[in-house]
Amino acid sequence: MFIIDTTIYVNVANQSYSYIPLGEPCEFKLKMDEEKARIFELLFLQLNSLEFDNIVRAHLPYIPYHLDETNDEIDTRLKKIYALIHEFGDNHTKQFVAQLPYFH
């Protein structure tokens, strides 16, 4: 079985990825096999769910923002997303991600 690298277009802000460039500008263009690309889908789904939980929490004033575990979970997912982008990006992408606070 051969694993063929495919070009993946990732937009972290919109929590999306695709195999073809869509009408919206992509933030990152990566080369990876399709199995690994599906990890983006799982992480983006998790982020979406966690952000919904955050919306609910925002309406509960007795839980301070800085003590909310959901925020930590969101940060963890973002770190994983940027680690994938760093691993499969070109040199320019690697340099960009390496300077992000999430990556340190």
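Source: prediction; values computed, not measured.
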Inset, instruction - Keeping the roles fixed (side chain from Glu34, backbone from Thr6), state whether a donor-acceptor pair exists under 3.5 Å. - result: no

Inset, instruction - Please examine the side chains of Phe96 and Ile85, heavy atoms only from C-beta on, and report whether any two atoms are closer than 4.5 Å. - result: no

Inset, instruction - Return yes if some donor-acceptor pair links the side-chain N/O of Lys94 with the main-chain N/O of His86 below 3.5 Å, else return no. - result: yes

Inset, instruction - With the side chain counted from C-beta on, respond yes when Leu84 and Leu43 share a heavy-atom pair under 4.5 Å apart, and no when they do not. - result: yes

Legend entry - Atom pair NZ (Lys31) and OG1 (Thr93), whose distance is rounded to the nearest 0.5 Å: 12.5 Å

Inset, instruction - Following the transitive rule for hydrophobic clusters with a side-chain heavy-atom cut-off under 4.5 Å over Ile, Leu, Val, Met, Phe, Trp and Tyr, establish whether Ile74 and Leu100 coincide in one cluster. - result: yes

Legend entry - Donor-acceptor contact present, side-chain Gln95 to main-chain His92, <3.5 Å: no

Inset, instruction - Check the pair Phe44 / Val10 against side-chain contact (heavy atoms from CB on, under 4.5 Å), numbers first and verdict last. - result: CA-CA 11 Å; Phe44 287 145; Val10 178; 4.1 Å; yes

Inset, instruction - Would you confirm whether Asn14, through its side chain, and Ser16, through its main-chain N or O, come within 3.5 Å as a donor-acceptor pair? - result: no

Inset, instruction - Check the hydrophobic clustering (I, L, V, M, F, W, Y; side-chain heavy atoms under 4.5 Å; chains of links allowed) and say if Leu50 and Ile39 are grouped together. - result: yes

Inset, instruction - Would you check if Phe88 and Ile8 make a side-chain contact, meaning some heavy-atom pair closer than 4.5 Å? - result: no

Inset, instruction - Report yes if the side chains of Ile81 and Leu47 come closer than 4.5 Å at any heavy-atom pair, otherwise no. - result: yes

Legend entry - Tyr17 and Glu41, any side-chain heavy atoms less than 4.5 Å apart: yes

Inset, instruction - Determine, using the 4.5 Å side-chain heavy-atom cutoff (strictly less than), whether Met32 and Tyr19 are members of one ILVMFWY cluster. - result: yes

Inset, instruction - Flag the pair Phe40 / Leu30 as yes when at least one side-chain heavy-atom distance between them is below 4.5 Å, and no otherwise. - result: yes

